[in-house]
Amino acid sequence: MKSLPFAALAVICLPIMPFSTLAAETSATNTLSQSQLFSRGNEYADVKISPTGKYLSAITSVEGKNVLIVLDAQTKKLLNAIRFPSNAQVGTYEWANSERIVLAKEYLKGWSDVPQYYGELMAVNADGSRPKYLFGYNSGEQQTGSNLKKNTPISATAFILDPMPDDERYMLVNAIPWGGAPNFTETLQDVYRVDLFSGVRKRITGSPIGRARFMTDHEGEVRFVAGEDGKNITKVFYRKDGEWVNTDKLNLGLSDFTPISFADNKNSIYAAGRVGNETLGVYRINLETGDKAEIIQDEVVDPSNFWINGTNKQLYAVEFENGYPSYAFVDNNDNHAKLLKDLLAALPGHQVQIVSETRNGEQLVVIAFNDRNPGDYYLFDTKKLKLEYLAAARKWLDPEKMAEVKPISFTNRDGQKIHGYLTLPNGKEAKNLPLVVNPHGGPHGVRDWWGFDSQNQLLAQNGMAVLQVNFRGSGGYGERFEQAGYQKWGSDVQHDIIDATQYVIDQGFADKERVCIAGGSFGGYSALQSAVLAPDMFKCAVGFAGVYDLELMFDEGDVARTRSGTSYLKDVLGQDKATLKAMSPSENVAKLKANLLLVHGGDDERAPIEQLESLEKALEAHNYPYQKLVMDNEGHGFYNDEHRAKYYDQMLSFLKTNLKL
């Protein structure tokens, strides 16, 4: 394909208008169907404040493409809207200094509704001046002499590692070279210092391991890297005198070791780690001596988030979610800890997160959300203690009309305590409700959380309760719990889902005669496999992007393409063919009684279309009826709002028919 010269960022001077009124309103919300309303993405996302507090920025959508808007932080008037021409759109972005923004460039391709990212980074000033292609394969400049310093093309995928907003000239970029190892995940990566105005780069270091995740210190020095080897084992290295040193030499006795932040000196860090099969703890570690001190650990759940003070770059809070989310504070005297407590008190019933802040920490952008509210953005003045409302993520959804998400727990058939969530329709008595069981994907390393879920809220709007289960094998409850699901996909994992369903029925929440199951990815597998194991429990099953033939996972799909992926499959599935067949819905359709709706993306690489075809072949061999929806140009999940709305419409109609609504 012929390379085209770089087209400058388009800077659109839109009419000056308040923050809350700039958006692509292609159709009035009161004319949209429920499915369309709940399938729409956020009106505003990734709201940030510039390092000096002069500007606010956010991602919004105009004519179906992501656009970055920049506003005056004082007046909230629009200054610029920055977008790319043709089929490109703005991806992630960072404020790299007081005036300059670095943006990832994505492409909307006809063959895929998921934006394609080829590693290109652009930069532009807040007022739209000095646009520059910073990093990528198509810089448009050719090096003609060894002494010339130019922004030459590079065949690599770039990610912003550290915008270094205190440095007005440079930032750090994590680059994954093209054409290295057979798969990106096993390629050794590089870190470059990149000039924000010219794009001239200098290589700082490379990773000693694949799937690299680098960490910088207070001064922007690359000090840590974590990654996985070919056997999917995590290794962590720290940099000393320009060389990488394996942390195994520290003899910490911790697995899943992950650096979080530096502490109050350059030789001490906060890190997460695990002793044996326990839940993940947070430790303070001396890099010189290897001494460690446990700071925080929850007996039930792993941390869900680590929060770093943007002023001193130190860990100040650890977020946990055992039921409802909560914070544990590393240092109660940290000013961010105090501010967060004040914000939680000022916004009762909401979880609050600080998502952006100025260099001096005097102004914060916070988001407040809960199970009924997908999110509201606020600007908080820490000196005046003033909280100013900015915008809603989805203003067309009224939180007062949404459904409650209630944490639940029960004891399964093996005597283990299992946790989950039950979404209860607003304005209806929580008794004998039609129930949809919604197993999560993964299954390992993934779990369900308390919060707003569009699909579940849509179902609740139509009178259905929705059950989510953090079954054995789910992440977030310690390694022992996660490994309890290994090689038990089709048995113990499904037993937890079935036991949870029976618990909700026994508690009187659900009508046992009106129960369906619907899930995506591994949840799609569970929808079919639970219906195989408990055929009289479920009236219908919806499999979305599901895996239905476990043997096929070793031959088809992106997981099997890498050594680490194959090693993972051997660990979590095993290789006994009889067991794999027993746990595959495509091998057990004769046991089914539920009505079926199967939904898939034609370009799915995680659960390729061959998975659906394997199940269809078995169903047709047994003359088993089913409904089907295939989107040829979608992948593992529907990215396009219109496609998602079409899926919601068909799923809703299918569920209503089977649940007699």
Is [X] salt-bridged to [Y], cutoff N-O under 4.0 Å?
X	Y	value
Arg359	Glu168	yes
Asp264	Arg284	yes
Arg169	Asp195	yes

Is the distance between the ring centroids of [X] and [Y] less than 6.0 Å?
X	Y	answer
Phe135	Tyr192	yes
Phe544	Tyr647	yes
Tyr548	Tyr525	no

### Task
Of all the heavy-atom pairs spanning Ala212 and Asn174, show the shortest one and how long it is.
O-OD1, 4.2 Å
### Task
For Gly290 and Leu252, work out which heavy atoms get closest and say how close.
O-CD2, 3.3 Å
Check residues 254-262 and write down every donor-acceptor pair under 3.5 Å in which the side-chain atom is one partner and the other belongs to a residue at least two apart or another chain.
unit_1 : atom_1 : unit_2 : atom_2 : d
Ser255 : OG     : Arg274 : O      : 3.3
Asp256 : OD2    : Arg274 : NE     : 2.9
Asp256 : OD2    : Arg274 : NH2    : 3.2
Thr258 : OG1    : Asp256 : O      : 3.4
Ser261 : OG     : Leu315 : N      : 3.0

### Task
Give a yes or no on this: more than 12 heavy atoms of other residues, nucleotides or ligands lie within 6.0 Å of atom NZ of Lys313.
yes
### Message
Please determine whether the number of non-hydrogen atoms from other residues, nucleotides or ligands lying under 6.0 Å from atom NZ of Lys48 exceeds 12.
### Response
yes
## Note on the structure
Per side-chain contact (heavy atoms from CB on, under 4.5 Å), Val318 is matched among Asn305, Val282, Asp298 by Val282
How about [X] and [Y]: do any of their side-chain heavy atoms sit closer than 4.5 Å?
X	Y	value
Leu612	Leu598	yes
Val330	Tyr316	no
Val245	Phe237	no

#### Entry: Counterpart residues, ring pair (Phe, Tyr, Trp, His ring centres under 6.0 Å), relative to Phe471 (two or more places apart)
His440, Phe522
### Message
According to ring pair (Phe, Tyr, Trp, His ring centres under 6.0 Å), who are the partners of Tyr486, at least two apart in sequence or on a separate chain?
### Response
His444
### Message
Does either side chain, that of Arg130 or that of Asn125, offer a donor lying less than 3.5 Å from an acceptor on the other one?
### Response
no
### Query
Going by atom types only, do Glu120 and Tyr107 share a side-chain donor-acceptor pair under 3.5 Å?
yes
### Query
What do the steps show when you test Tyr283 against Ile295 for side-chain contact (heavy atoms from CB on, under 4.5 Å), and what is the final call?
CA-CA 5 Å; Tyr283 296 83; Ile295 304 297; 5.6 Å; no
